[in-house]
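Quick notes on the structure that follows.
So you know, we letter chains A, B, ... as the sequences are listed, proteins then strands, and number each from 1.
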Amino acid sequence: MLRRLAASALAAVTLTACGAPAAAPSGPSGPPVPGGTITIGINSEVSTLDPAANEIAAQATLVVAHALYEPLFTDGPGGALEPRLAESLTSEDLRTWTLSLRPGLTFSDGSPLDAQAVVDHVARLRDPESQCQCAQLAAEITDMAAADATTAEFTLAEPNAGFPRYFTRQLGMIASTTARADDGSPLGAGPYRLESAARGSSLTVVRSEHYQGTPGHADTLVFQFLPDTDSRYQSLASGAVDLAWIDTPNLIAQARGEGRIVAVANASTATAVLNTRTEPFDDIRVRQAVQAAIDREALLAVVDQGQGVVAEGPILSRSPYASGTRHPEFDPERARTLLAEVGEPVSFAYTTDSRPQSMQRATAIQQMLGDVGITMTIDVVDTATWGTRLYDGDFAAIEFVTSAYADTDAVLGIFAPDATGNFGGYANPEVGELVEQGRGSVDEAARREIYAEVAQRVVEDAPVLFFTESPAGFAAAPHIGGMPDLSDRNVISLLPSELWTAR
Amino acid sequence: MSAPLLELDGLSLRFDGPAGSLHVLESVSLAVAEGESVGLVGESGSGKSVLARAVLGVHPGPAAPSLTGRILLEGRDVTDGSSRRRAVSMVFQDPSASLNPVVRIGRQVLEAVPPAERGSRARQRAAATELLRAVGLPDPGRRLRSYPAELSGGQRQRVGIAAALAAQPRLLLADEPTTALDVTVQQRVLDLIGELRRERGMALLLITHDLGLLAGRTDRIAVMYAGRVVEDGPTERVLAEPRHPYTRALLAVTPRLSPRRRPPLPQIPGGLPDLREPRTGCPFAPRCERALPECATRPPLLRAGAGHTVSCWAAEGVPV
Amino acid sequence: MLRRTETRRDALVPAACVAVLALVAIGAVLAQLLPQLDPLRADFQAPLRPPGPEHWFGTDATGRDVFARTLAGGASSIVVAAMTVAVGLVVGGGLGVLAGFARGWVDALIGTLLDVVLALPGLITVMVVVTMVGPGRLTIGALIGLIMVPAFARIARSATLTVRGQEFVQAARIMGAPPLRIIGSEVVRCVLPAVAAYSFTAVTVAIVAEGSLSFLGFGLAPPTASWGGLIAEGRTHIATAPWICLAPAAVLCATVLAVNVLGERWGRSRP
Amino acid sequence: MTRPRGAELVVDRLQVRYRVPGGWIEAVRGVSFTVPAGRTVGLVGESGSGKSSLAKAVTGLVAPSGGSVAFAGGPVRHRPGPGGIQMVFQDPVASLHPHRTLVDLVAEPLRWAGVARARRRERAAAALADVGLDPAVYGGRRRHQISGGQAQRVAIARAALAEPELIIADEPVAGLDVSVQAGVVNLLHRAVADRGASLLFISHDLGVVSALCDEVVVLYLGRVCERGPTESVLAAPRHPYTRALLDAVPEVGRVPPPSRLPAAEPPSPLHPPPGCAFHPRCPDAVAACRTAVPAPRELGGAVVSCHAAAPQTPSTEPVTSPPPDRSPP
Amino acid sequence: MRTLLTRAVRALAVIALLGMLTMALPLLLTGDPAVAVLGVEATPEQLAAFTAALNLDASPPERFAHWLGGAVRGDLGTSLVTGAPVTAEIGERLPVTLELLLCGQLLALAITVPVAMRSAWRPGGVVDRISTVLAYLLLSTPAFVLGLALILVLAVGLAVLPATGWAAPDDPVEHLRHLVLPVLTMGLTEAAVLVRVLRADLIATLRTPYILAARSRGLSPWRLLWTRALRPSSFSTVTLVGLGLGLAFGGSVLVETIFAVPGMGRLAASAIEARDFPVIEAVVLLSGVTVVLVGTLVDLVYGVIDPRARHAAAH
């Protein structure tokens, strides 16, 4: 159960998400215009369209998945789930869940998408052979079966209030396990179907005639793979793309300043995991000193350019469970006092990958800690090494920017001792018990209370330093309509079928 | 006597460079009559090759020299660089270097014919073959497609001569045409030039450092020293009765086939004057065994016999 | 008249180039010594400040002084370039002289090895190795130097062959000069200027390559300042805070230009 | 006359070959001759005759592919100090180190011999003065600051200072003006004559050779055509090539006789003709010339390699009998 | 014939050595590719299966032998990241890079030849001085700076061209529009080098006696330059163009990154980041083979340019 948090962890880094208080996007006025082509610049290639492949589930590429596979649910405002292909997923005891599908669904070749197709899909992804990160999540399902054409039953090993959210990502993006498209690509039931793919450069989808929901407005969507953030934004500026994924604060600020339509959510949380197993962070005073010495407001100002908010703890500010965690204040004096108690000079290495904001954050923290007398060296590694170190617990402090905190139910699990996602070895048995209790609690109010307690403990024990919740999302040219307001969301969920172009 | 084919009238030539000016030619006067064969003799630094290029109107390198005086070709003043094509052609010193290594011989031979006058491909072939045959190149038809590297030195110089003939010039300049060749080949090439000259009625200006090459091949000899013509006269007279001390010294030091002459051989002391300075007096005076105080001023031009002039204070003769 | 202006320009251009390089060098040293020019110290209250009296080249997104960072970037470039030339000269020059002098199978062996290096895609190889041994000025300099070894060796070898065949070397042999002394005093003295002339090119290659690596994210690890890294960092702000990118880019180009021009003069001045 | 102190140079069936793109050049194909102690021998040949390869093989700059060179009874060694072989090169400027001053250049052989710096500079200055270059004026100059003739003087001064027993001069005057040539020839003559050393003088110019050498060796495409005392070869050349060469040498005032050679071009050293290499150009060629390499024969005081040579072939232009001012041995 | 054989043997030796070196490189990389690919949630069984499937736990000689066996049959292994055969990955990217490089070099030549001729004809003249200054400026501007400048001016400022990205050739107009900026960046950078080299060689050629001879025979400057001077002056230029093509994959990383062109360079860069060994190895090897082949090609071109080289080779 704790594993599934770790599951999204590595992918989440590449996703990077989350919202700032943003003005509602304003597009062209008037009703949606049907037809036309919308070109969308995304940050990485989607070479495998199978939902089992992890690359399609990253936040930036989720828009592609949403075009081809409409998920059972999507994230809605305030952490609520909005049903899409599904009508509902309900449970009395949080262990046995009943899924009810919309009737008459078909894949894009016209073949039926019934409850059995969903079960087959989940079964396929649950198999470790599929190499889907969701396999770990699906492994919680001990039993499942299609009751009739539109109803499926799922039984979990343990109660889990967060189970429905699993169907917003890969598990919910149903692909046919029996049929494939003519060109061999997997078949989905989304509003669009694959037209052509040019390896390394672009992917073209066209409106699917078999889609059962409200059809997409645009005839054609072209996804351009533009890995470099600045290049991607320049492509937007030059009109080569209509819509571009932007995940750096200055570009979000710039996009706003230039009058583009911006749909971003504070979807990613910048944190640093401290290794509580070894020196110096096996000493809670050192952890607290570091926590007190870091000025999160300054980080927000220089690293995030004021876009986003200060992170107060493991529960996001816009989470349905948000309860006002009391994070210790920036207090260099307190840090010095704590250090004086420790007595020995503190020095440690901070592992980070080489993305610009990570570097910026690291150098700013280095300076802040230096001011209270802590020597911090920065160890820059590439993403692969970073992942290995994180997984192996081979670090003193390691930067961890993740969208995992978007799912409070899931993420609190990583603070339990021995949880897969507990990279820093934080061992507070009480927290572990509290998490277990909360996730199994049918009463939502009680759950909220327990979660708040967990968050408070975590913030005080400081096994993880919380810095900022940062925005990411899409910026669009002024002629693009249908851009959602994501400012009150925790997940960037852009539905391409809602987009339209005034050109 | 009609106007000479080529007349240099008080020609001075100077190269200006960043390091100063080089006064290469100093009021050179020289004439070549129609059909006449003139030998121009001088050692390195005497300015003989520069003179040839001035007549040709082409200079290597980016710096164009400053010219004063006049160059008259067929009575026309061409000092300003007007076209000499058809009037003058040159056979160059090093046949290996003066043929383009990457262009077939057939094309190079016809270079001097303006494209408008070349005619059909077949006619061009015929013309080129004819030229190569005229210079005695074996198997001329096949040679058209050869590259210079496939020929021997002597054959290359024959191609060079053929290229010079293509424009049917009235004056052929030959600048040390055999210096790069072996002696046994040199004789044949010079003979060829002589024959062609007679056949075609061309005038010839044969430039050489070797006095031994001129007997029987030229009508007149002009001797140059440090940018000046110091003596000019009929070949036999200049060789037999040289009037200028430099000509005399040059004759004395030219090696001869005689085991009688044992070292020490006669030699000319001293070296060339500095060309960066304009020369006021006789340039040879510092090395001259008969130098007089007057030699510090420009020597007079004296007539020493029929068509024989000398520029020397110590020589006997009538001022021109 | 023409000649005089030519002369003046002839003297002026190299003087300007030397001045540029001297400024870069002095700045690099000052950035190490003066606390006011600490390239890492950030003023969190003043990010993205445009150039002004307080920050001559403005500040970057973290609030660090771009002027100080540009100067410090110069230090990186100098260290990398020096290392490149050192490796190129010693390894490449040495192999080239050895190959040219020994000839035969030694020449063939060295030639084959150099061909292997030449066949490696330079930038990619450096990227791979940097990834595995970790970034550092000396490492990157040495790697660029190694990639340039074939070029150095080729020049040294051909210069050696030329010198070796020249009559004054033969004359020395006939006069009984020991072969090692011939290599030492005759050959090296003549090969060195040719190889040194190439060093100018190597310096420009090193500066540009280091910049490219940093730009691609495979160069010096931040926060170490490097021109390429600064440009890469500033690139994202180019529309809003162009100074972050433009200042180091201008200094980088000016430095490379100066080295290029001086190298060309040096090459021309040799007999 | 000084007592000969030079050592004898014996070249025996020497062969030299080079690798060129596209094959081998047999530059020297079995050449034998002797430079007796204290004598001056001229080696004459046109381009491709192999004379420069021969010079390099004799001085040990290239390894012969066959035959042998013996000097003073043993193999040629480069060792500093007096008594060895010195060489004067065709390009005098190139034979001088570009960065050294003339004094240091002349002193070079003494440097390798271990003579103290002050002492060797002193002797070098004297040697410079000896070749007519004022050490005060020229001593500090470098090679690009002097003329070709002066450079050759420096080279000769340097060779002489090494006190060799044999000087090999490879076309030492080919690049020089005639007015300078004589001075260089005189110096070279003095450098050997004064000390009784021997001289191997290589040239394409029969005129200079005739003035300087006691004996001449005529080369054609890597083989010896004819060798013998200068007077005898010049007066009565036995080999048709020697005759053609003599005919072709330009002489002031002499109207050259028409060439007797067929028009054929000299063959390439890459593909020398079989038999006698000269046969395609030879006016006297007989059938044997096309197939068999003629063996050297003693003929009227000279050694001739020719199938057709007769004992008494008159010269086309007899040189009047030479009154030798130095009697042949 | 002999020299040809020697060349071939040496080329094979170079490629074999390169192959071994290539295999050695990833051995030293830190970071486990299995973790990099499967993610930190992967179970130990998954990791083990992954590693075994890719033969990663074999000893280096075994791996080399295995890999060589595959390479000889045209099988370069499977990408760790996408699971597609490496040959397929490269097959997609190679044409893009080749197109970029060829166009870049052609553009460079198209600029170089006329400019160098005009400059060499009157060294120190107005054209020469302007082109010299421009060449030096370009020469001193790294590709990543030039590329950024071009994007700023032509794409963002004037909005006449797409800033970045790539369009497949099925849409020729878009394809060309996307091609312009990267090709311009490559071509201008290359042209700066080539102009200097060709100009110098042309000046030297124009001073040779054979050009003097041709001039004396009245050849017009234009014909003189094109038909007489260009060919003998083009050795260094041809060598550099060859090197430019051969060393391509390394050099194209920058341009492909700046302009988001899906070519070999970017493939290599992302493969390095992802520890995708089979792809890194294939790119390095392919690049090496290209360098060797282009080297041979350049030698052949020498023969075409200069009959002397051909003449010598024919023997």
Hey, does L120(C) have a side-chain heavy atom less than 4.5 Å from the side chain of S287(E)?
-> no
Does the side chain of F215(C) come within less than 4.5 Å of L148(E)'s, by heavy atoms?
-> yes
Residue-level interface, residues 105-114 of chain C with chain E, non-hydrogen cut-off under 4.5 Å = A108(C), G111(C), T112(C), L113(C)
If contact means a heavy atom pair closer than 4.5 Å, which residues of residues 70-84 of chain C contact chain E?
-> none
Can you see which heavy atom on V128(C) is nearest to which on I272(E), and at what distance?
-> CG2-CD1, 3.4 Å
Donor-acceptor pairs under 3.5 angstrom involving side-chain atoms of residues 132-144 of chain E: please list them, not counting sequence neighbours.
unit_1	atom_1	unit_2	atom_2	d
T132(E)	OG1	D128(E)	O	2.6
T132(E)	OG1	D128(E)	OD1	3.4
T132(E)	OG1	R196(E)	NH1	3.2
S140(E)	OG	L257(C)	N	3.3
S140(E)	OG	N260(C)	ND2	3.3
S140(E)	OG	Y136(E)	O	2.7
T141(E)	OG1	L137(E)	O	2.6

Checking heavy atoms, do the side chain of V117(C), its backbone, both or neither come under 4.5 Å from chain E?
-> neither
Among V289(E), L152(E), I15(E), which residue forms the greatest number of heavy-atom pairs with chain C at distances under 4.5 Å?
-> L152(E)
Below 4.5 Å from any heavy atom of chain C, which atoms of L285(E) appear? Answer side chain, backbone, both or neither.
-> neither
L216(C) side, atom CG; I258(E) side, atom CD1 - distance, nearest 0.5 Å = 8.0 Å
ring-ring contact (aromatic ring centres under 6.0 Å, His included) filter on F57(C), not counting sequence neighbours, yields F67(C)
